[in-house]
Amino acid sequence: MSLKVTHELHQRRFGRNVGLALVLTGFIAVVFGLTVAKVTSGDFEPPRATQETE
Amino acid sequence: MSDATINTTSQTGEAGFGDYFALLKPRVMTLVVFTAMVGLLAAPAPVHPMIGFAAILFIAIGGGASGALNMWWDADIDRVMKRTKGRPIPAGKVQESEALGLGLTLSVMSVVMLVLATNLVAGAMLAFTIFFYVVIYSMWLKRSTPQNIVIGGAAGAFPPVIGWLAATGSMSVEPWLMFALVFMWTPPHFWALALFMRSDYDDAGLPMLTVTHGRPATRRHIFVYTALLAALALGTAFTTIGGPVYLAVSVVLNVMFLLGAWRIWGRDEAAAELDNYAVERRFFRLSLFYLALHFAAILMEAVLKPYGLGGWA
C-alpha cells in the first residue's frame with residue numbers, strides 16, 4: 001500500500017506557511033515604505049541643516 | 001483505538017492560516033478600519049499616504065489583537081453560545097494559549113509600530129483601547145453588569161480618535177464626537193441582536209439587559225438610546241466635521257432608525273415571535289448601514305472641503 005504524500009494536514013500546513021510568508025513579506029514592505037516616506041518627507045533632517053540656515 | 005483517536009485529534013486540531021486570521025475578528029476589523037480612516041482623513045492635517053496607510057493597518061492589527069485576546073478570555077462562554085460556537089477556539093482548531101500568544105504579540109507589535117509610524121499619543125491611545133476592550137470590558141464588565149454593552153461600546157468607539165491623533169498628534173473635540181456616535185450606537189445595535197438571539201446570552205449566563213431586566217425593559221432602552229443617538233448625530237451636523245451632505249444623510253437615517261426603535265418598543269414578545277423577530281432583525285441590519293453611512297458622510301464632507309464644498313463655510 002503506497003503512502004499518500006500530500007495529506008490534508010500537509011496542505012493545511014503549506015497554506016499556513018505560505019500565509020505567514022506573505023504576512024512577513026508584507027510587513028517588510030510596509031516598514032520599507034514607511035522608511036522611504038519618513039526620509040523623503042524630511043522627518044529625519046539632520047540638526048546641522050538648521051544651524052547652517054541660521 | 002487510542003491511535004485512531006490521536007490521529008483524529010491531530011487532524012482537526014491543527015489550525016490553518018484562516019483560523020488564526022479568524023481570531024482577529026475580521027468583521028469587527030472592517031468597522032475599525034473604516035472609522036479610523038474617517039478619523040484620520042477628517043483631521044485638519046495632511047498625512048503622507050504611506051504613513052496614513054500604515055497607521056490604519058496598525059490600528060486594525062491592534063483591534064484584531066484585542067479580538068484574539070477577547071476570544072482567549074471568553075472561550076468558555078463562546079462554547080455555549082450558538083453565535084460563537086464556530087469560532088476557532090470552541091471549534092477546537094486553535095489552542096487557547098495560541099490565541100493568547102498571538103493577541104499579546106500583535107498588541108505589542110501594533111502599538112510600537114503605530115508610535116514609530118505616527119506619534120506617541122496615537123500609540124498610547126491604541127494601547128489604552130486594547131487594555132479597555134480586554135481588561136475593562138471582557139474580563140470585568142461583560143460578566144458583571146447589564147450595562148456591559150454600554151460601557152464596553154467605548155472600546156469600539158476609540159478607532160476614529162486614534163486615527164485623528166495619528167494625523168494631528170493632538171486632541172480636540174471633533175474626534176470625540178465620532179467616538180460618541182459609535183458609543184451611543186452600540187447599545188441599540190447589540191440589544192436588538194440580543195432580542196432575536198434569544199437564548200444565547202441566557203445560556204452563557206451573561207448579564208445582558210434582556211436577561212437581567214427583561215425584554216420589555218430592553219425594548220424601552222433601545223428607544224431611549226436611539227433618541228439620544230439621533231440628537232447627537234443630528235447635532236454633529238452643525239460642527240466642523242458636519243455639513244449639508246452629512247445633515248441630509250443623518251436626517252433620513254435617524255427618521256428610519258427612530259421609527260424602527262419606536263416599532264420595537266411598541267410590540268411585545270408574542271407579536272415578535274409571530275414574525276420571527278422581523279422588526280428587530282430589520283432594525284439590526286439598518287443599524288449597520290446607519291453607522292457606516294454617517295461615517296461615509298463625515299468622510300464626504302472632509303473630501304469636499306479642499307474644493308470649498310464641504311462643511312458650512
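Quick note on labels: first sequence line is chain A, next is B, and so on, each numbered from 1. Just the heavy atoms: all of them, side chains too, but no hydrogens, waters or symmetry mates, feed the values below. Source: prediction; values computed, not measured.
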Margin query: Less than 4.5 Å to any heavy atom of chain A: does that hold for the side chain of Phe21(B), its backbone, both, or neither?
Written below: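 No part of it gets close to chain A.
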Note to self: So for Leu116(B), is it side chain, backbone, both, or neither that comes closer than 4.5 Å to the heavy atoms of chain A?
What the structure shows: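 For Leu116(B), the contact with chain A is made by the backbone alone.
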Where do [X] and [Y] come nearest, in terms of heavy atoms and distance?
X	Y	value
Phe53(B)	Val30(A)	CE2-CG2, 4.0 Å
Lys38(A)	Thr118(B)	NZ-O, 4.2 Å
Met50(B)	Ala37(A)	CB-CB, 3.9 Å
Tyr20(B)	Arg16(A)	CE1-CD, 3.6 Å

Side chain, backbone, both or neither: which part of [X] has a heavy atom under 4.5 Å from chain B?
X	value
Phe14(A)	neither
Val23(A)	side chain
Val36(A)	neither

Check: Distance from Ile51(B) atom CD1 to Leu34(A) atom CG, nearest 0.5 Å?
Finding: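 Result: 6.5 Å between the selected atoms.
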Next item on the list: Hey, could you give me the CD1/CZ distance between Ile61(B) and Phe27(A), rounded to the nearest 0.5 Å?
Entry: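 Answer for the CD1-CZ pair, Ile61(B) versus Phe27(A), is 8.0 Å.
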Margin query: Within the supplied structure, the quantity of interest is the number of heavy atoms (other residues, nucleotides, ligands) at a distance under 6.0 Å from Met139(B) CE; does it exceed 12?
Written below: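 Check passes, neighbour count above 12.
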Checklist line | Side chain Arg12(A), main chain Ala15(B), donor-acceptor under 3.5 Å | finding: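 Absent.
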